[in-house]
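The structure under discussion appears below in the form of structure tokens.
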Amino acid sequence: MAGRFAPRPTRTTVRGGQVGVAGGVPRQAAGPGRVRDWVPDGPLDLGLVLGPLRRGPGDPTFRAMPDGSVWRACRTPAGPGTLRVCAYGGGVRGQAWGPGAEWLLDRLPELLGAADDPSAFVPRHRLVALARHRRPGLRLTRSGLVLESLIPSILEQKVTTDEAYRAWRLLVRKFGEPAPGPAPGRMYVTPEPRTWALIPSWEWHRAGVDNKRASTILRAVRVAGRLEEAAGMEPGAARARLEVVPGVGPWTSAETVQRSHGAPDEVTVGDLHLPGIVGWALAGDRDADDSVMLELLEPYAGQRHRAARLILLSGSVPGRRAPKMPRWDIGGL
């Protein structure tokens with residue numbers, strides 16, 4: 001019965017990177033575009049693989065469509081680009097537009113987890129084994145773009161996800177540029193580093209971003225070139241380079257390289273909820289801290305991030321004992 005019905009998404013599984021993507025035969029998008037077909041060497045679930053790149057249901061850079069396609073608007077080293085990906089049969093078709101089209105298609109396999117090795121993961125707990133069995137198409141994406149994951153991760157520091165998603169949505173729509181090609185409505189490419197640096201202080205305030213997070217983003221975009229070089233480094237070295245920027249700590253660097261590098265072992269520490277979720281799922285300890293979480297994940301050394309994602313996707317989460325963290329809209333002050 002475990003594999004008969006697809007598990008329904010919950011708040012925890014969505015946080016683990018689950019995005020609903022319908023199946024079916026892909027329809028050719030309107031307008032000319034560069035096309036690449038690729039056949040993965042195993043099961044592939046587009047929603048699970050690309051889900052971590054979406055920053056909330058209203059993310060203007062990401063769209064999952066009813067026809068089974070996933071759209072991404074990116075700022076690549078070659079310029080803005082729009083990518084449409086759809087699975088059909090045993091293959092995947094990518095179609096791209098804009099100056100960054102070739103760059104996006106060249107890296108399509110890595111984006112879909114070609115550099116990842118799911119067979120290296122060995123479940124040590126029944127819950128983790130069951131989650132893996134239910135989601136055989138989970139692979140770790142590697143976007144190859146550092147800044148597009150770093151900035152929203154900074155926005156997510158010390159606030160609720162709803163607040164961070166709102167800030168990301170407002171800033172990208174106001175200061176980004178429309179996605180090239182026949183992208184779905186209201187899709188935008190993230191602003192270039194200079195545009196981020198020129199955003200007025202009152203616009204950060206209106207988006208609900210406090211001065212500490214805004215200042216961290218400004219410091220990061222001033223050295224954007226050096227940070228993007230980290231995409232070619234090993235995950236540990238890339239995290240060290242990111243953490244040179246004041247305001248970027250272990251939590252933010254881990255959240256970034258998980259997406260930019262597809263790093264299977266870079267587990268997030270310093271998170272408000274993750275230690276309790278992992279502790280509850282593996283040991284029934286809802287009060288676990290980072291040290292307990294890392295101890296529980298030690299059997300998965302080398303694959304701790306994958307193990308944490310599977311735990312999140314299992315939906316096993318302790319019940320609430322207190323009201324949700326209140327949302328403060330500093331833009332209304």
Side-chain angles (χ1 to χ4, degrees), residues 9-19 51-59 127-128 131 149-169 204 207-217 220 239 242-243 245-260 263 265-298 300 304-331:
T10 65
R11 190 174 185 85
T12 308
T13 59
V14 168
R15 189 186 173 201
Q18 177 171 322
V19 172
L53 301 178
R54 185 183 72 161
R55 303 295 181 150
D59 187 347
L127 178 140
V128 176
S149 293
L150 176 61
I151 292 177
S153 295
I154 294 172
L155 291 175
E156 292 173 8
Q157 293 176 351
K158 306 296 184 181
V159 296
T160 64
T161 52
D162 290 341
E163 291 174 270
Y165 291 160
R166 174 181 176 271
W168 175 249
R169 182 174 65 252
W204 293 106
V209 182
D210 58 80
N211 183 64
K212 182 176 180 181
R213 287 179 291 151
S215 297
T216 301
I217 292 174
R239 290 188 63 181
L242 294 178
E243 291 174 22
V245 178
V248 176
W251 184 92
T252 307
S253 66
E255 289 286 312
T256 301
V257 300
Q258 287 167 6
R259 295 164 172 85
S260 62
D265 194 48
E266 299 301 325
V267 64
T268 304
V269 296
D271 192 84
L272 180 62
H273 302 292
L274 185 60
I277 293 173
V278 173
W280 174 262
L282 300 186
D285 182 6
R286 63 183 302 157
D287 298 314
D289 57 14
D290 282 334
S291 62
V292 174
M293 176 183 70
L294 293 176
E295 183 178 348
L296 290 171
L297 292 177
E298 184 59 32
Y300 300 103
R304 294 177 299 173
H305 169 50
R306 192 191 309 273
R309 277 205 64 190
L310 287 170
I311 291 170
L312 288 170
L313 291 169
S314 74
S316 178
V317 57
R320 291 188 180 276
R321 293 188 299 187
K324 292 176 64 177
M325 180 178 174
R327 174 181 169 181
W328 300 97
D329 183 8
I330 66 171

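We use all heavy atoms of the structure for the numbers below, so side chains are in, but hydrogens, waters and symmetry mates are not. Since we're looking at a predicted model, the values are computed, not measured.
- E243 meets the side-chain hydrogen bond (donor to acceptor under 3.5 Å, both in side chains) test with S253; sequence neighbours excluded.
- Remark: R309 engages no residue in a salt bridge (Lys or Arg N to Asp or Glu O under 4.0 Å) (not counting sequence neighbours).
- In terms of heavy-atom proximity, L150 sits nearest to A220 at CD2-CB, 4.0 Å.
- Residues satisfying the salt bridge (Lys or Arg N to Asp or Glu O under 4.0 Å) test with D289, not counting sequence neighbours, are none.
- Nearest heavy atoms, G58 versus R169: O-CD, 3.4 Å.
- For R304, the salt bridge (Lys or Arg N to Asp or Glu O under 4.0 Å) partners at least two apart in sequence or on another chain are D265.
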For E163 and T160: C-alpha separation, side-chain torsions, deciding distance, then whether side-chain hydrogen bond (donor to acceptor under 3.5 Å, both in side chains) applies.
CA-CA 5 Å; E163 291 174 270; T160 64; 2.9 Å; yes
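- Every residue meeting the side-chain contact (heavy atoms from CB on, under 4.5 Å) condition with D290, not counting sequence neighbours, appears here in chain and number order: V269, P275, M293.
- Closest heavy-atom contact between V245 and T216: CG1-O, 4.2 Å.
- Counted by atom type alone, T252 and E255 present zero donor-acceptor pairs between their side chains at under 3.5 Å.
- Contacts of Y300 classified as ring-ring contact (aromatic ring centres under 6.0 Å, His included), with partners at least two apart in sequence or in another chain: F121, H125.
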Show your reasoning for whether side-chain hydrogen bond (donor to acceptor under 3.5 Å, both in side chains) applies to D285 and W280.
CA-CA 5 Å; D285 182 6; W280 174 262; over 6 Å; no
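- With L282 as the fixed residue, the side-chain contact (heavy atoms from CB on, under 4.5 Å) test singles out one of V292, V128, I277: V128.
- Counting all heavy atoms, side chain and backbone alike, V257 lies closest to E266 at CG2-CG, 3.8 Å.
- Proximity of P152 to R54: side-chain heavy atoms (C-beta onward) are nowhere separated by under 4.5 Å.
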